[in-house]
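Heads up: the structure comes next, in structure tokens.
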Amino acid sequence: MVFHILPTALEISMVCGILTYQYGAKFAAITAVTMVGYTAFTIWTTAWRTKFRRQANAADNKGSTVAVDSLINYEAVKYFNNEKYEVGRYDQALKEYEKSSIKVATSLAFLNTGQNLIFSSALTAMMYLAADGVASGNLTVGDLVMVNQLVFQLSVPLNFLGSVYRELRQSLLDMETLFNLQKVNVAIKESPNAKPLQLTKGGEITFENVTFGYHADRPILKNLSLTIPAGKKIAVVGPSGCGKSTILRLLFRFYDVQEGRILIDGQDIRNVTLESLRKAIGVVPQDTPLFNDSIEHNIRYGDMSASHEKVIAAAQRAKIHDIVSSFPDGYKTMVGERGMMISGGEKQRLAVSRLILKDPPLLFFDEATSALDTHTEQALMANINSILREKARTSVFVAHRLRTIYDSDKIIVLKEGQVAESGTHRELIDTGGLYSELWSAQETLFDEDGGEREVNIDIGEEQEDLPLK
Ligand SMILES: Nc1ncnc2c1ncn2[C@@H]1O[C@H](COP(=O)(O)OP(=O)(O)OP(=O)(O)O)[C@@H](O)[C@H]1O
């Protein structure tokens with residue numbers, strides 16, 4: 001770019017110099033006025049056009065967002081017969097884009113017309129002066145041709161500089177969103193002295209007087225203190241929205257606590273490297289994020305270096321191998337965008353397979369089996385339990401269905417961002433508190449729905465009777 005601009009600028013100065021030196025003050029004055037007028041008009045009009053380009057970019061982004069949003073949520077659109085509404089929304093966004101695009105095009109035409117007008121006026125004035133000079137005998141016909149050529153010689157580089165300036169401004173504007181992204185403050189920063197996490201005690205997690213809220217005026221966790229012992233199976237239960245998943249997000253350092261601290265084996269998680277922290281924690285989230293790729297790829301995502309055999313072994317432990325094998329394309333089956341081509345239960349089991357493949361020391365299951373039928377859930381839980389016992393992993397289960405966690409070493413009941421009670425299933429039932437109420441409510445429901453009261457839950461090698469109140 002610089003190699004083009006420099007010779008162009010040189011060319012303009014030379015032409016102006018020749019016109020001034022060769023043909024006197026009047027030609028010099030017209031040249032100066034043309035240069036100043038052309039530059040000022042180009043800068044002013046380009047600045048004025050900026051808002052139209054910005055509007056067009058915003059309208060284009062809105063159109064894409066509306067289109068992607070309604071396509072991703074196509075099921076909701078169909079369930080509620082809202083095709084017309086979505087078409088209207090998209091149409092509105094396109095209309096706005098059309099309106100601003102027309103403004104961009106017309107303002108560009110205005111810029112080009114103005115530039116041509118300035119240039120043509122200069123050409124006319126100079127030709128008039130040259131013709132006058134020829135008529136009065138001061139200039140020759142050769143001079144007239146020379147002036148004509150010199151003025152044209154001025155137009156090409158002027159046009160070039162004008163378009164370079166315009167394109168530059170436009171490109172910077174198009175990249176504005178990108179630049180704005182860079183200005184966004186990243187809340188989670190690794191401390192300069194961060195050290196890799198050392199699991200010296202096997203992964204004991206401690207929340208010490210933790211206060212946290214997504215918004216300052218709405219605290220979710222209030223002075224929360226709890227300990228998750230190493231190598232134990234812990235359950236966190238409580239009413240919806242009380243902050244169970246928030247505990248995981250804080251542990252994973254998606255957010256930092258506002259007060260208090262979180263320790264893993266005595267190390268404040270703000271003082272350990274993010275990579276080592278996130279490597280140590282495995283999560284099966286509430287909504288399984290899947291890539292629009294094959295089942296095998298999605299399972300392998302837990303460990304990109306895993307062999308095909310390891311992927312199959314993980315799928316077998318997550319109780320999904322038989323189903324996948326029955327698919328016509330087996331492990332090569334594409335799951336579709338966000339996994340829309342497989343069932344909710346299959347998605348959850350894929351997430352569990354991933355976790356088994358990652359094999360982290362700390363495991364977090366956030367409603368990991370909520371979409372499964374009771375039998376598959378029991379079989380999967382038995383496998384998960386046997387892995388936990390075999391490897392003495394620290395595990396945290398968030399669950400609403402208490403039957404899936406009643407056998408935990410410790411159950412923590414959260415209410416309004418604080419620990420309402422904690423203990424084993426038996427201790428909590430004996431206390432007769434919130435857990436006991438939740439348990440009774442679910443048992444009553446189960447009785448009414450299924451009429452079944454005693455269920456054997458296979459938690460590994462031995463079968464345990466579900467303790468009832
Ligand atoms: N990113 C966020 N920004 C703002 N508020 C949020 C965000 N994520 C969650 N919340 C709010 O924080 C509260 C706790 O959310 P959290 O997901 O921890 O609840 P939960 O106990 O896991 O609920 P559930 O059992 O329904 O999954 C909820 O009221 C929720 O609306």
Side-chain angles (χ1 to χ4, degrees), residues 65 69 72-73 181 184-189 205-228 233-262 269 274 277-278 281-289 338-339 344-345 347-348 351-352 355 362-372 377 381 394-406 408 410-422 425 428 433-442 445:
T65 311
D69 205 27
I72 285 182
N73 297 311
L181 260 185
V184 174
N185 240 343
V186 181
I188 303 302
K189 286 196 188 114
I205 303 165
T206 313
F207 277 61
E208 255 182 33
N209 306 102
V210 169
T211 297
F212 172 77
Y214 296 96
H215 302 289
D217 50 355
R218 191 185 164 217
I220 304 294
L221 303 180
K222 298 163 200 161
N223 203 24
L224 176 83
S225 293
L226 56 88
T227 301
I228 296 168
K233 179 179 171 180
I234 303 299
V236 179
V237 300
S240 181
C242 68
K244 301 182 293 293
S245 306
T246 304
I247 289 182
L248 161 71
R249 290 183 206 125
L250 290 178
L251 197 61
F252 218 74
R253 269 200 90 197
F254 281 153
Y255 302 91
D256 268 340
V257 297
Q258 277 130 18
E259 278 172 41
R261 54 187 194 150
I262 302 172
I269 59 169
L274 279 174
L277 175 72
R278 292 179 180 169
I281 304 171
V283 183
V284 181
Q286 265 181 22
D287 300 315
T288 310
R338 296 178 308 126
K347 269 195 246 177
Q348 284 192 332
V352 174
L355 186 74
L362 309 171
L363 297 104
F364 212 105
F365 298 84
D366 193 351
E367 289 284 338
T369 55
S370 57
L372 297 180
E377 183 176 48
M381 283 308 293
T394 308
S395 58
V396 182
F397 287 76
V398 170
H400 283 296
R401 274 145 74 173
L402 301 182
R403 280 170 175 266
T404 56
I405 52 89
Y406 81 96
S408 304
K410 184 175 171 187
I411 299 168
I412 297 169
V413 187
L414 281 192
K415 194 181 171 195
E416 290 166 10
Q418 285 176 320
V419 177
E421 54 196 26
S422 70
H425 171 84
L428 291 174
L434 182 60
Y435 179 84
S436 169
E437 274 173 35
L438 288 170
W439 179 263
S440 304
Q442 289 190 9
L445 270 182

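Atoms within a ligand are numbered from 1 in the order they appear, just like the ligands themselves.
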Practice prompt. Could you label the plane-to-plane angle of the Y255 and F212 rings as parallel, tilted or perpendicular, counting under 30° as parallel and over 60° as perpendicular?
Written response: tilted
Practice prompt. Evaluate side-chain contact (heavy atoms from CB on, under 4.5 Å) for L414 paired with L224, printing each intermediate quantity in order.
Written response: CA-CA 9 Å; L414 281 192; L224 176 83; 3.6 Å; yes
Fill in: Heavy-atom side-chain proximity of L248 to V283 below 4.5 angstrom
yes
Worksheet item: Would you call I234 and S408 a side-chain contact if the rule is heavy atoms closer than 4.5 Å?
Response: no
Practice prompt. Decide yes or no for F364 and L355: does some side-chain heavy atom of the first lie under 4.5 Å from some side-chain heavy atom of the second?
Written response: no
Worksheet item: Between Y435 and W439, what is the ring plane arrangement, given parallel below 30°, perpendicular above 60°, and tilted in between?
Response: parallel
Discussion item. Given a heavy-atom cut-off of 4.0 Å, could you list the residues near ligand 1 in chain and number order?
Written reply: Y214, H215, R218, I220, S240, G241, C242, G243, K244, S245, T246, R249, Y255, Q286, H400
